[in-house]
Protein chains: 2
Amino acid sequence: MASSYAQNFPPGLEMIRQGDPADFLHIVLEGSVELLAQWGGRECTMAVVRPVSTFILAASIRDAPYLMSARTLERTRIILVPSSDLRAMFRRDTEFSVSVINELAAGYRSVVRNAKTLKLRNSRERVASYLLHQSLLAGGAASYILPVEKRLLASYLGMTPENLSRTLKVLESDGLKMDGARVIITDREKLTALAQPDKLIDGPDSAGNESGAGLPTSHI
Amino acid sequence: MASSYAQNFPPGLEMIRQGDPADFLHIVLEGSVELLAQWGGRECTMAVVRPVSTFILAASIRDAPYLMSARTLERTRIILVPSSDLRAMFRRDTEFSVSVINELAAGYRSVVRNAKTLKLRNSRERVASYLLHQSLLAGGAASYILPVEKRLLASYLGMTPENLSRTLKVLESDGLKMDGARVIITDREKLTALAQPDKLIDGPDSAGNESGAGLPTSHI
DNA sequence: CTGATGAATTGATATTTATCAATCAGGAAA
DNA sequence: TTTCCTGATTGATAAATATCAATTCATCAG
């Protein structure tokens, strides 16, 4: 991996455009990166990647085009590993292969969970379970600050910012209180009854592949 | 893999229940299997697996609970490989590991495509692109038979059967004609303009992981 | 402190999608 | 052939969600 190198990116830069050849595996060292999908003029947030995680692992492995674009949310430091080096390593280091297998399998399951939420829950339920899940990541705190802008959160949850705003308002009769970006869970039981958290959707998985970050790590 | 064995299942049997421990990797030899997700009384189809494909690979690798249930659609013959044997193989056979890495990466990308369709396209667009994609799998035929029941297709596409039925009717003014389970594309250009097929959503991927089957193969 | 900028909220409305109920159609079994 | 069952369709309606427009709010540069 001698030819790997680190690089800094300014905020708001679309560093990867979906469809481009996956020449490098990316590893976030500092900052955060939004993974987004575009189609016919529309776009939506698929995940936010925070240190230390890889992204677009699957594309690098298959030497295939990126399925998502990547845009820095803040100043971000990233290591770039040539995909060909990555693939060459599989035949040199068995333990490395096993690690990659595990990482891929974990990521895979993470996307499946995501798809389950999208198909089985309506937007109110998605919001409620997201907020409860974040509370858990914050050590079960009843109050915490949203790790991402609401606009981005709305896109991640598959809804419009307006709809998220109204949904948060509606949830005030179900044990939630918002104060700007601050979340206050006033009645955890009530909110939980509505969100119906589920191990097979919200985790945790045996190995934690969500490193306290705002949105699940993903690997194209 | 000496302790693997084949088994036959009757139609309509829920052979795997989500949440169960993933003791076996499953390989479909004959028949077809529906992968479905359940939550709070609701359920939806995530994929249909046809021969010859594995499913629940990721769960087997991580020794984690299945994220989806599996139900036979017809009489089905399946090989069961103990997950522990599978994991042991990684350290014995490098080429096997590389194959699994590629299989996982392909499956991963397949689920991401799925999530993109769900988030970026509305139901009419999902239906149109599904039908065009199937036409492609049928060698570009203008007419073919739906490979699955409409009820199941609706669930897979994230809509109700009623909505699918109405959507198919609406599409008759956009180059489509239905006759029972038969699809007839009367104006491919018009339908294509509506569906806006996209390589990064509808494939094909470099390696074909959809073996002419009805719905994309998936591996929990 | 002030203006400018983008996010967030709110209201009004339209569109999409689901739900419920009632047929209708087609295939399997008697 | 007839019966029965399940899936498919259709209609009427309700609920969920998006869109568009107008403020309000927060933050940051000057």
Side-chain angles (χ1 to χ4, degrees), chain A residues 10-12 34 39-45 48 71 73-75 117-128 130-131 145-174 176-183 194 214, chain B residues 10-12 34 39-45 48 71 73-75 117-128 130-131 145-174 176-183 194 214:
Chain A
E34 174 191 8
W39 179 79
R42 300 171 211 168
E43 77 170 49
C44 72
T45 303
V48 170
R71 180 194 294 149
L73 290 174
E74 49 195 316
R75 187 183 166 285
T117 273
L118 287 172
K119 290 185 86 166
L120 290 169
R121 300 209 255 229
N122 63 27
S123 61
R124 186 162 39 110
E125 292 159 344
R126 290 199 298 276
V127 171
Y130 174 84
L131 294 176
I145 303 287
L146 281 180
V148 291
E149 282 182 355
K150 288 181 185 170
R151 186 177 65 86
L152 192 149
L153 177 58
S155 177
Y156 172 69
L157 294 174
M159 55 202 295
T160 59
E162 295 95 327
N163 194 14
L164 173 60
S165 189
R166 284 186 247 267
T167 300
L168 289 173
K169 187 130 290 183
V170 166
L171 287 177
E172 299 206 342
S173 56
D174 293 289
L176 182 75
K177 182 80 183 55
M178 293 298 298
D179 178 21
R182 174 163 292 279
V183 179
L194 198 148
Chain B
E34 174 191 7
W39 179 78
R42 299 171 212 169
E43 78 170 48
C44 71
T45 302
V48 170
R71 181 194 294 148
L73 290 174
E74 50 195 315
R75 187 181 167 284
T117 273
L118 286 172
K119 291 186 86 167
L120 290 168
R121 301 209 254 230
N122 63 27
S123 61
R124 187 163 37 111
E125 291 158 345
R126 291 199 297 278
V127 171
Y130 173 84
L131 294 176
I145 303 288
L146 281 180
V148 291
E149 282 181 354
K150 287 183 184 169
R151 184 178 66 86
L152 192 148
L153 177 58
S155 176
Y156 173 70
L157 293 174
M159 56 202 293
T160 59
E162 294 95 327
N163 194 13
L164 173 60
S165 190
R166 282 186 248 268
T167 300
L168 289 173
K169 187 132 291 184
V170 165
L171 286 177
E172 298 205 342
S173 56
D174 293 289
L176 182 75
K177 183 79 184 54
M178 293 298 298
D179 177 21
R182 173 164 293 279
V183 179
L194 197 148

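Letters go in sequence order (proteins before strands), and every chain restarts at 1.
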Please state whether the base of D:dT19 and the side chain of A:R166 form at least one donor-acceptor pair under 3.5 Å?
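Looking at the base of D:dT19, it does pair with a donor or acceptor on the side chain of A:R166 (distance under 3.5 Å).
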Rounded distance in Å - [atom1] ([X]) to [atom2] ([N]):
X: B:E149; N: C:dG27; atom1: CD; atom2: P; result: 12 Å
X: B:K169; N: D:dT10; atom1: NZ; atom2: P; result: 3 Å
X: B:R126; N: C:dT16; atom1: CZ; atom2: C1'; result: 11 Å
X: B:M159; N: D:dT9; atom1: CE; atom2: P; result: 12 Å
X: B:R121; N: C:dT17; atom1: CZ; atom2: P; result: 14 Å
X: A:E74; N: D:dC28; atom1: CD; atom2: P; result: 13 Å
X: B:N163; N: C:dT15; atom1: CG; atom2: P; result: 16 Å
X: A:L146; N: C:dA7; atom1: CG; atom2: P; result: 15 Å

Between CG of B:L168 and CG of B:N163, what distance do you get to the nearest 0.5 Å?
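Answer for the CG-CG pair, B:L168 versus B:N163, is 9.5 Å.
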Gap between atom CZ of B:R182 and atom CG of B:L146 - 0.5 Å precision:
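So the gap between those two atoms works out to 10.0 Å.
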Nucleotide of [options] approaching [X] most closely (side-chain heavy atoms):
X: A:E162; options: D:dA18, C:dT10, D:dT9; answer: C:dT10
X: A:S165; options: D:dA18, C:dT10, D:dG7; answer: C:dT10
X: B:K150; options: C:dA18, C:dA7, D:dT9; answer: D:dT9
X: B:R124; options: C:dT10, D:dA16, C:dT16; answer: C:dT16

Checking the side chain of B:K119 only, and the main-chain atoms of A:S155 only, is there a donor and an acceptor separated by less than 3.5 Å?
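At least one qualifying donor-acceptor pair exists.
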I want to check something: taking the side chain as every heavy atom from C-beta on, are B:R151 and B:L164 in contact at a cut-off of under 4.5 Å?
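Answer no - side chains too far apart.
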What I'd like to find out is whether the side chain of A:V148 reaches to under 4.5 Å of the side chain of A:T45, using heavy atoms alone.
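SC-SC contact between A:V148 and A:T45 ruled out.
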Taking for each residue the nucleotide of DNA chain D with the nearest heavy atom, is it B:L168 or A:T160 whose nucleotide lies nearer the 5' end?
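Checking each residue's closest nucleotide, the 5'-ward one belongs to B:L168.
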